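Here the structure comes first, spelled out in structure tokens, and everything after it is commentary.
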Amino acid sequence: MAVKALSFRADESEIAEIKKAASMFKMSVAGLLREAVREFIENRRKEEFFRRLENVEEASPEESAEILAMIDSMTDDDWETASVKHVILGA
């Protein structure tokens, strides 16, 4: 699946800080960012929510279009909260 490029706008001080950190660790900026992203993902994988979503398959374009069409056709009454249930998970 192709993903559009994300735009990232950092101000000059943020860019300078990233370059300084990379230099301190004798790394390229790309290497520093790659390592930071890898560590971020590894930490998130330890979280329960991420583990539950990790194996969820992405919907096909047809399924996505159908779901979005259903959402677009919903009325205010459809969005009204009908009931609330609380679930407490033990640690």
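If you read the sequence from its start, that first residue is 1, and numbering goes on from there. Below, all heavy atoms of this structure are taken into account, side chains as well, without hydrogens, waters or symmetry copies. None of the values given here were measured: they were computed from a predicted structure.
- More than 12 heavy atoms of other residues, nucleotides or ligands lie within 6.0 Å of CD in E47, so this atom counts as buried by the packing criterion.
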Can you give the donor-acceptor pairs under 3.5 Å from side chains of residues 23-46 to other protein atoms, not counting sequence neighbours?
from, atom 1, to, atom 2, distance (Å)
S28, OG, G31, N, 2.9
N43, ND2, E39, O, 3.3
R45, NE, E54, OE2, 2.7

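- Take E48 and apply the side chain to side chain contact (heavy atoms under 4.5 Å, CB included) test, not counting sequence neighbours, and it matches R51, R52.
- For the side chain to side chain contact (heavy atoms under 4.5 Å, CB included) test, no residue two or more places apart in sequence or in another chain qualifies with A16.
- With sequence neighbours excluded, the residues satisfying side chain to side chain contact (heavy atoms under 4.5 Å, CB included) with E62 are S60.
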Without placing hydrogens or testing angles, list every side-chain donor-acceptor pair under 3.5 Å for residues 78-88, not counting sequence neighbours.
from, atom 1, to, atom 2, distance (Å)
D78, OD2, T75, N, 2.8
D78, OD2, T75, OG1, 3.3

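- Within 6.0 Å of CE on M70 lie no more than 12 heavy atoms contributed by other residues, nucleotides or ligands.
- Chaining together hydrophobic side chains whose heavy atoms lie under 4.5 Å apart places F49 alongside L53, V56.
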